[in-house]
Amino acid sequence: VVKINPNAVLHHHGYAIAIPSVVKENIGKNEPIDCLFFARVCKDKGIEDLLEAISKIKKTVPSISLAVIGKADKKYLSELNVLCDKLKIESNVNFVGFLPKQADIYEYALQAKLCVLPTHHDIISGTIIESMFLKLPVVAYAVGGIPELNKMEETVRLVDKGNIEDLAQQITFLLNNKEERKILAEKAYSLAQKRFNKNDLIENDILKAYNLVISDLK
């Protein structure tokens with residue numbers, strides 16, 4: 001039997017992340033990678049949508065490049081390679097694989113123009129928050145809590161879930177507009193510093209919540 005406790009106490013705390021130790025200050029310079037995807041490589045994270053978007057962009061930008069960082073099942077990775085062959089983008093996509101050190105991921109980020117994460121459902125992805133701290137402009141689907149990042153002003157370029165045509169257009173627009181990338185990156189960095197750079201406070205909030213729960217049990 002399910003019962004509701006009207007006296008239940010809810011404890012809220014923020015989202016703690018590993019804040020990058022570097023900041024990308026070279027927008028428009030020395031950026032050989034067009035798009036960077038770093039997350040678990042699976043359908044739900046939108047990798048297939050991104051590959052389709054890359055194939056559309058290639059029609060007008062033959063040299064478009066995408067680096068994919070993240071762990072993938074061998075069978076699924078094989079399927080993605082087949083999809084790349086089908087879409088004729090096998091030479092445009094580099095499946096880097098899993099990188100054990102975050103510093104190695106950030107090294108790729110410094111070489112990329114954009115982070116693209118068309119995740120199908122998420123609260124606010126750690127990938128997006130890390131990119132904001134890195135000053136790496138982000139294109140993402142407007143799902144879960146991600147639209148909250150644009151509540152005050154645009155910090156992430158949003159696309160309706162599944163709209164691959166618009167995904168391709170937004171990526172192309174930002175790739176062609178260095179100043180727009182700079183503006184987006186600066187606004188995102190500012191928001192990240194205000195909203196997510198509070199790991200010590202978050203840790204204290206969690207400890208306080210646990211102590212209150214323990215004291216209630218006594």
Side-chain angles (χ1 to χ4, degrees), residues 15 17-18 20 31-134 136-147 149 156-172 174-175:
Y15 185 62
I17 72 157
E31 299 172 298
I33 301 170
D34 291 322
C35 303
L36 179 66
F37 173 104
F38 62 104
R40 184 164 47 89
V41 182
C42 62
K43 187 179 180 67
D44 283 354
K45 288 295 184 181
I47 185 61
E48 294 178 34
D49 293 23
L50 179 52
L51 293 178
E52 287 192 42
I54 292 297
S55 73
K56 291 181 179 295
I57 297 170
K58 185 174 181 177
K59 293 175 182 177
T60 54
V61 187
S63 63
I64 183 72
S65 62
L66 166 67
V68 178
I69 298 174
K71 191 173 183 179
D73 176 84
K74 285 186 178 181
K75 182 176 181 294
Y76 186 59
L77 184 58
S78 177
E79 292 172 0
L80 291 178
N81 278 306
V82 170
L83 178 59
C84 286
D85 288 340
K86 180 182 176 182
L87 295 172
K88 296 181 172 33
I89 57 171
E90 63 278 4
S91 63
N92 302 86
V93 181
N94 176 21
F95 288 102
V96 179
F98 174 73
L99 296 178
K101 295 181 179 180
Q102 286 181 311
D104 294 332
I105 298 174
Y106 300 155
E107 188 61 35
Y108 271 90
L110 297 178
Q111 301 177 65
K113 297 181 180 75
L114 297 174
C115 168
V116 187
L117 186 73
T119 180
H120 290 184
H121 44 79
D122 225 317
I123 300 173
I124 298 178
S125 170
T127 295
I128 293 177
I129 298 173
E130 286 179 89
S131 295
M132 293 169 74
F133 274 113
L134 285 162
L136 178 64
V138 177
V139 180
Y141 279 160
V143 298
I146 299 173
L149 298 172
V156 176
R157 185 57 60 97
L158 297 179
V159 176
D160 289 338
K161 177 182 173 181
N163 191 337
I164 296 173
E165 189 68 45
D166 191 35
L167 180 63
Q169 289 178 3
Q170 295 303 327
I171 292 170
T172 302
L174 288 175
L175 290 178

> Are K56 and E52 within salt-bridge range, i.e. N to O under 4.0 Å?
Replying inline: no

> Just wondering, do L149 and M132 contact through their side chains at under 4.5 Å, heavy atoms?
Replying inline: yes

Could you measure the distance from the [atom1] atom of [X] to the [atom2] atom of [Y]? Nearest 0.5 Å is fine.
{"X": "E90", "Y": "D85", "atom1": "CD", "atom2": "CG", "result": "5.0 Å"}
{"X": "K45", "Y": "H121", "atom1": "NZ", "atom2": "NE2", "result": "8.5 Å"}
{"X": "L80", "Y": "I47", "atom1": "CG", "atom2": "CD1", "result": "6.5 Å"}
{"X": "L77", "Y": "L83", "atom1": "CG", "atom2": "CG", "result": "11.5 Å"}
{"X": "D73", "Y": "K71", "atom1": "CG", "atom2": "NZ", "result": "9.5 Å"}
{"X": "C84", "Y": "I89", "atom1": "SG", "atom2": "CD1", "result": "4.0 Å"}

Would you check if the side chain of [X] reaches a backbone N or O of [Y] as a donor-acceptor pair within less than 3.5 Å?
{"X": "N92", "Y": "I64", "answer": "yes"}
{"X": "T127", "Y": "F38", "answer": "yes"}
{"X": "S78", "Y": "K74", "answer": "no"}
{"X": "Y106", "Y": "E130", "answer": "no"}

> Name the one of V116, L117, V139 that satisfies side-chain contact (heavy atoms from CB on, under 4.5 Å) with L50?
Replying inline: V116

>> Walk me through whether D166 and Q169 qualify under side-chain contact (heavy atoms from CB on, under 4.5 Å).
In response: CA-CA 5 Å; D166 191 35; Q169 289 178 3; 3.8 Å; yes

>> Would S65 and N94 count as a side-chain contact (heavy atoms from CB on, under 4.5 Å) here? Give the steps.
In response: CA-CA 8 Å; S65 62; N94 176 21; over 6 Å; no

[X] to [Y] - nearest heavy-atom pair and separation:
{"X": "T119", "Y": "V143", "value": "O-CG2, 3.4 Å"}
{"X": "Y108", "Y": "A67", "value": "CD2-CB, 4.4 Å"}
{"X": "A53", "Y": "I164", "value": "N-CG2, 3.7 Å"}
{"X": "E31", "Y": "A112", "value": "OE2-O, 3.5 Å"}
{"X": "L167", "Y": "V159", "value": "N-CG1, 3.8 Å"}
{"X": "K43", "Y": "H120", "value": "O-CE1, 3.5 Å"}

> Which is it for C115 and I128 under the side-chain contact (heavy atoms from CB on, under 4.5 Å) test, yes or no, and what are the steps along the way?
Replying inline: CA-CA 8 Å; C115 168; I128 293 177; 5.8 Å; no

> Of the options N163, D49, D122, which is the one that meets Y141 in a side chain to side chain donor-acceptor pair (under 3.5 Å)?
Replying inline: D49

